[in-house]
Amino acid sequence: FHELEKEMTTSHKAHCLILPYPVQGHINPMLQFSKRLQSKRVKITIATTKYLLKNMKELTTSVSIEAISDGYDDGGRDQAESFVAYVTRFKEVGSDTLSQLIQKLANSGCPVNCIVYDPYLNWAVEVAKKFGLVSAAFFTQNCVVDNIYYHVHKGVIKFPPTQNDKEIIIPGFSSPIDASDVPSFVISPEAERIIEMMVNQFSNLDKVDWVLINSFYELEKEVIDWMSKIYPIKTIGPTIPSMYLDKRLHDDKEYGLSIFKPMTNECLNWLNHQPISSVLYVSFGSLAKLETEQMEELAWSLKNSNKSFLWVVRSTEESKLPKNFIEELKLTSGNNKGLVVSWCPQLQVLEHESIGCFLTHCGWNSTLEAISLGVPMVTMPQWTDQPTNAKLVKDVWEIGVRAKQDEKGIVRREIIEECIKLVMEEEEGKLIRENAKKWKEMARNVADEGGSSDKNIEEFVSKLVTIS
Ligand code: UDX
């Protein structure tokens with residue numbers, strides 16, 4: 001079987017160059033999609049920045065990786081003066097180095113047929129056109145969020161909002177949403193240049209052959225049907241390894257391309273000693289920075305709640321923990337009450353039978369992973385698409401609650417404790433826990449043979465083979 005699998009991946013039908021925006025939350029889903037394509041005999045080359053490649057803590061994947069440059073080879077994004085300076089330079093240097101890579105691959109006898117690009121880097125379409133290649137925009141966020149940015153692009157939603165809209169009506173999504181539930185860049189006047197990049201995702205979208213969405217049809221039927229009338233949309237998620245879903249791909253474990261080193265043994269050994277559904281998993285993803293006051297409220301809520309917890313605190317956030325928090329935790333309750341780690345193997349954690357709830361910032365990957373593994377959520381969105389994802393989790397899919405901020409923008413410890421209790425213990429949380437299980441089943445079905453996302457990936461591959 002392995003020989004057959006090897007032969008199938010070596011004699012490929014087409015070659016896709018995959019270009020993610022260089023942050024963990026965009027690399028993960030594009031890598032998982034790549035593995036699905038590879039299993040259908042499409043050769044994959046992922047192009048990422050020299051800086052990121054140099055700084056990868058884990059680089060163990062079956063797909064080829066090549067370096068391009070964003071113009072900041074030594075220090076990465078942090079070296080840029082501003083966000084705008086970063087994306088402007090990336091466009092210039094990235095277009096050149098991506099072109100050189102395409103040329104190099106052609107010279108080596110393995111020409112590229114298609115560029116699958118992150119629409120934050122929409123200049124990739126021009127590179128594709130220059131070489132006569134087909135292209136696909138890969139939206140890493142869900143379709144409701146994409147639809148909101150689309151309507152800002154069209155001028156239907158104003159930026160920054162002019163009136164005191166309490167509720168915003170968005171064509172294609174029948175539930176009105178509060179102004180506080182739209183992506184942060186839409187309502188924050190300081191984010192003027194960032195919203196520009198979000199709306200620019202659509203500026204040359206009429207030139208692409210496919211628009212791929214990191215979601216699945218059953219999750220967002222209404223908005224996907226609506227957007228499909230405008231763009232050639234294909235939903236291809238959930239983008240998590242096959243071993244957590246349909247189990248059809250061989251050797252398809254964790255992410256394999258990571259700028260953080262997971263503390264795998266510590267986490268799993270600890271979880272193995274906890275009772276079923278007893279542990280709260282807490283993580284704010286790879287980018288969010290919490291206010292020190294918020295970090296303290298969260299720390300005390302975890303310590304005061306009657307649940308055990310596994311909490312990911314990235315090393316850059318650690319100094320915000322209350323003084324001696326970790327030491328006192330160990331002293332007062334041995335090793336049972338809580339474990340704080342700098343990074344964990346999140347999918348293995350969410351899949352673990354001891355996990356009963358996920359306190360999350362609602363990054364789209366984390367949300368989709370919790371949906372796929374049937375874990376109910378307490379949401380504490382921070383910025384970007386997270387408030388919208390939290391709205392969907394609570395009101396549309398009914399698989400979690402939102403811990404609300406006070407007027408200072410801080411979620412207080414009592415509120416967090418109440419939410420944890422509701423989701424993990426109370427009768428009121430029963431429907432949430434049951435719904436989470438239903439979505440898990442659905443996620444597995446859509447990825448399995450003949451499921452909506454599997455069919456879309458099949459169709460993508462056959463059209464790619466025909467036109468390239
Ligand atoms: C960013 C944005 O913030 C998010 O809102 C957007 O939807 C995608 O890009 P990030 O904040 O990192 O991503 O959050 P998220 O989308 O949840 O991605 C984090 C990824 O890191 C997930 O795939 C998660 O499994 C992984 N992770 C996180 C780990 O593997 N270990 C950890 O300890 C924490």
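Start at 1 and go down the list; that is how both ligands and their atoms are numbered.
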> Is it true that Arg248 and Asp454 make a salt bridge, defined as a side-chain N closer than 4.0 Å to a carboxylate O?
yes
> Report yes if Asn365 has an N/O atom closer than 3.5 Å to an N/O atom of ligand 1; otherwise report no.
yes
> With heavy-atom distances below 4.0 Å as the criterion, list the atoms of ligand 1 near Ser366.
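So the answer, numbered in order with elements, is 15 (P), 17 (O).
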> Please confirm whether Asn28 approaches ligand 1 to less than 4.0 Å, judged on its heavy atoms.
yes
> So, 4.0 Å and heavy atoms of His361: is ligand 1 close enough to count as a contact?
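In this structure, His361 qualifies as a contact of ligand 1 - some heavy atom is under 4.0 Å.
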> Suppose we call two aromatic rings close when their centres sit under 6.0 Å apart. Are Tyr86 and Tyr72 close by that rule?
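Yes - the distance between ring centres of Tyr86 and Tyr72 falls below the 6.0 Å cut-off.
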> Does Asp385 reach ligand 1, in the sense of a heavy atom lying below 4.0 Å from it?
yes
> Using ring centroids (six-membered ring only for Trp), state whether Phe90 and Tyr120 fall under 6.0 Å.
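Ring-ring flag for Tyr120/Phe90: false, centres at least 6.0 Å apart.
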> Out of Gly285, Pro29, Ser286, Ser283, who gets a non-hydrogen atom closest to atom 12 (O) of ligand 1?
Ser286
> Go through it in stages, so that I can follow the logic: the residues are Phe138 and Tyr117, the test is ring pair (Phe, Tyr, Trp, His ring centres under 6.0 Å), and I'd like the CA-CA distance, side-chain angles, deciding distance and then a yes or no.
CA-CA 6 Å; Phe138 183 108; Tyr117 73 97; 10.0 Å; no
> Which atoms of ligand 1 have any heavy atom of Thr384 under 4.0 Å away?
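In order of numbering, the contacting atoms are 3 (O), 5 (O).
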> Tell me the nearest of Phe284, Trp343, Trp383, Trp364 to atom 32 (C) of ligand 1, using heavy-atom distances.
Trp343
> When you check the gap from the basic side-chain N to the acidic O, do Asp385 and Lys391 get nearer than 4.0 Å?
no
> Can Lys91 and Asp70 be counted as an ion pair, charged N to O under 4.0 angstrom?
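No.
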> If hydrogens are left out, which of Pro345, Cys344, Pro381, Ser258 has an atom nearest to atom 30 (O) of ligand 1, that is, the closest non-hydrogen atom?
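Ranked by closest heavy atom to atom 30 (O) of ligand 1, first place is Cys344.
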> Contact between Met424 and Cys357 at the side-chain level, heavy atoms closer than 4.5 Å - yes or no?
yes
> Quick check on contacts: which atoms of ligand 1 are under 4.0 angstrom from a heavy atom of Gln141?
6 (C), 7 (O)
> Could Glu441 and Arg444 be called an ion pair, given the rule that one side-chain N must be under 4.0 Å from one carboxylate O?
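Salt bridge: yes.
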> Which residue from Glu369, His26, Gln346 reaches closest to atom 28 (C) of ligand 1 through any of its heavy atoms?
Gln346
